[in-house]
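The structure appears right after this line, and notes come after that.
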Amino acid sequence: YCEARELIKGLPFSKILLNTPDKSTSGIGFLETLPATLSFSEYQMKWIPCDLPPPKSDVTLRFAQSNDLSFINHLNKVCFQSTHPLDELSQTSVNRTYIIEKDSVPSGKVSIVREEKQSWICGLAIEPSYQQKGLGSETIRRIVSREYSEGQELYLEVSPTNKQAMTIYFKNGFQTFNAQHYFEIKK
């Protein structure tokens, strides 16, 4: 830790974020020896195979294109309070972003990151005017159906304070298996 802190002294940022699993007594013990404060936590969830309702035909997922970048940045700002807009969209075989459309109108976005046999659902964001209309659940069901049929296990991380998302995930077969705690150290 001390060696790393020396290496980053001249770099332009104001805080360091360290994380540890909830069940790691050594990680938590180490962080307690530092001038660190708990910043936030995330639950890690895994999909447990179960029957889900069939998909609705008015909701579709399509690969995001570079001309979707302003919409993606808008969603990141209004749904995640992001102050760092993306300059480019990177679509690879392991990291894909989709635009969620309802009746052919862009209504949200979601990313899938594949790590071997694991697919991680990331950054699910629904345009506020389309929230509470089932798009989150429909999106999760479509992703689960496709990824599971390709032999993938499904995972995601969610803030324990995001009760709306937690409800969607529990309702669609996800269960919490771990938590990560993020601690902040002022530079």
Side-chain angles (χ1 to χ4, degrees), residues 17 39-115 118-150 152-176 179-180 182 184:
L17 208 55
S39 180
F40 64 95
S41 297
E42 287 184 322
Y43 287 152
Q44 293 178 316
M45 302 181 83
K46 179 180 180 179
W47 185 69
I48 306 303
C50 62
D51 291 331
L52 296 173
K56 297 177 183 175
S57 61
D58 61 343
V59 177
T60 56
L61 301 178
R62 66 166 173 80
F63 282 118
Q65 306 293 320
S66 57
N67 62 343
D68 293 313
L69 204 51
S70 64
F71 180 62
I72 292 168
N73 284 329
H74 160 74
L75 289 174
N76 285 340
K77 184 176 181 181
V78 299
C79 297
F80 301 120
Q81 295 73 48
S82 173
T83 57
H84 304 289
L86 300 173
D87 295 327
E88 63 181 332
L89 183 64
S90 175
Q91 298 281 40
T92 68
S93 61
V94 296
N95 186 0
R96 294 186 175 168
T97 299
Y98 297 88
I99 297 298
I100 303 159
E101 294 184 335
K102 172 136 172 86
D103 298 321
S104 300
V105 176
S107 312
K109 62 101 177 169
V110 65
S111 294
I112 308 297
V113 177
R114 280 191 166 187
E115 298 174 358
Q118 297 180 353
S119 290
W120 286 81
I121 301 170
C122 308
L124 173 60
I126 304 296
E127 175 71 39
S129 62
Y130 283 89
Q131 291 178 4
Q132 301 291 316
K133 297 181 181 178
L135 266 70
S137 282
E138 183 63 24
T139 299
I140 292 298
R141 290 180 196 135
R142 285 179 177 273
I143 291 169
V144 163
S145 175
R146 185 186 62 235
E147 296 294 312
Y148 186 68
S149 73
E150 294 178 13
Q152 297 291 106
E153 294 180 342
L154 287 111
Y155 296 87
L156 56 83
E157 292 180 325
V158 62
S159 168
T161 62
N162 189 343
K163 301 301 182 196
Q164 187 175 343
M166 296 274 300
T167 299
I168 290 168
Y169 300 142
F170 281 129
K171 181 171 72 172
N172 287 290
F174 281 85
Q175 293 181 6
T176 302
Q180 291 283 333
Y182 294 80
E184 184 177 308

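If you read the sequence from its start, that first residue is 1, and numbering goes on from there. Keep in mind that the numbers below use all heavy atoms, side chains included, and drop hydrogens, waters and symmetry copies.
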Before accepting this row, confirm whether a basic side-chain N of the pair Glu127/Lys102 lies closer than 4.0 Å to the acidic partner's carboxylate O.
no

Measuring only between side-chain heavy atoms, which start at C-beta, is Gln132 closer than 4.5 Å to Gln164?
yes

Shortest non-hydrogen contact between Thr60 and Ser57, atoms and distance:
CG2-O, 4.5 Å

Any donor-acceptor pair under 3.5 Å from Ser82 side chain to Phe80 backbone
no

Minimum-distance pair of heavy atoms, taken over all atoms of Ser119 and Gln152:
OG-NE2, 3.0 Å

Between the NE2 atom in His74 and the CG atom in Leu69, the distance rounded to the nearest 0.5 Å is 13.5 Å

What are the two closest heavy atoms between Gln81 and Val78, and how far apart are they?
NE2-O, 3.6 Å

Is any side-chain heavy atom of Asn162 less than 4.5 Å from a side-chain heavy atom of Tyr169?
no

Whether Lys133 and Asp58 form a salt bridge (side-chain N of Lys/Arg under 4.0 Å from carboxylate O of Asp/Glu) is what I want to check.
no

Can you tell me how far apart NZ (Lys171) and CG (Leu52) are? Round to the nearest 0.5 Å.
11.0 Å

Using a 4.5 Å cut-off on heavy atoms from C-beta on, say whether the side chain of Asn172 contacts that of Arg141.
yes

Pair Gln180, Tyr182 - check side-chain contact (heavy atoms from CB on, under 4.5 Å), show working.
CA-CA 7 Å; Gln180 291 283 333; Tyr182 294 80; 3.7 Å; yes

Could you tell me how the ring of Tyr155 sits relative to the ring of Trp120: parallel (under 30°), tilted (30 to 60°) or perpendicular (over 60°)?
parallel

Approximate separation, where rounding is to 0.5 Å, of Glu101 CD and Ser107 OG
7.5 Å

Against Lys109, only a single residue in Thr139, Thr97, Asn76 fulfils side chain to side chain donor-acceptor pair (under 3.5 Å); can you say which?
Asn76

Taking all heavy atoms of Glu138 and all of Pro55, pick out the closest pair and write down the distance.
OE2-CA, 3.1 Å

Any side-chain heavy-atom pair of Phe40 and Ser159 under 4.5 Å:
no

Donor-acceptor under 3.5 Å (Ser145 side chain, Arg142 main chain)
no

For a 4.5 angstrom cut-off between non-hydrogen side-chain atoms, does Leu61 reach Ile143?
yes

For Asn67, does the CG atom sit with more than 12 other heavy atoms under 6.0 Å from it, leaving out its own atoms?
yes

When rounded to the nearest 0.5 Å, the distance separating NZ of Lys163 from CE of Met166 is 6.0 Å

Short question: side chain of Gln91, backbone of Gln65 - any donor-acceptor pair under 3.5 Å?
no

Should Thr176 and Phe170 count as side-chain neighbours, where that means a heavy-atom distance under 4.5 Å?
yes

Using every non-hydrogen atom in the two residues, find where Ala125 and Ile100 come nearest and quote the distance to one decimal.
O-CD1, 4.4 Å

Ring pair (Phe, Tyr, Trp, His ring centres under 6.0 Å) with Tyr130: which residues, sequence neighbours excluded?
none

For a side-chain contact (heavy atoms from CB on, under 4.5 Å) check, start with the C-alpha distance between Gln131 and Cys79, then their side-chain angles and the critical distance, and finish with the verdict.
CA-CA 11 Å; Gln131 291 178 4; Cys79 297; 4.2 Å; yes

In Å, rounded to the nearest 0.5 Å, how long is the span from CD1 of Ile112 to CG of Leu154?
7.5 Å

Passes side-chain contact (heavy atoms from CB on, under 4.5 Å), Ile99 versus Ile72? Steps please.
CA-CA 8 Å; Ile99 297 298; Ile72 292 168; 4.0 Å; yes

Quick one, Val144 and Phe174 - any side-chain contact, counting heavy atoms below 4.5 Å?
yes

In short, Leu86 meets Asn73 closest at the heavy-atom pair N-OD1, 2.7 Å

Apply the test side-chain contact (heavy atoms from CB on, under 4.5 Å) to residues Asp68 and Arg62: give CA-CA distance (whole Å), side-chain angles for both, the deciding distance (0.1 Å), then the verdict.
CA-CA 11 Å; Asp68 293 313; Arg62 66 166 173 80; 2.8 Å; yes

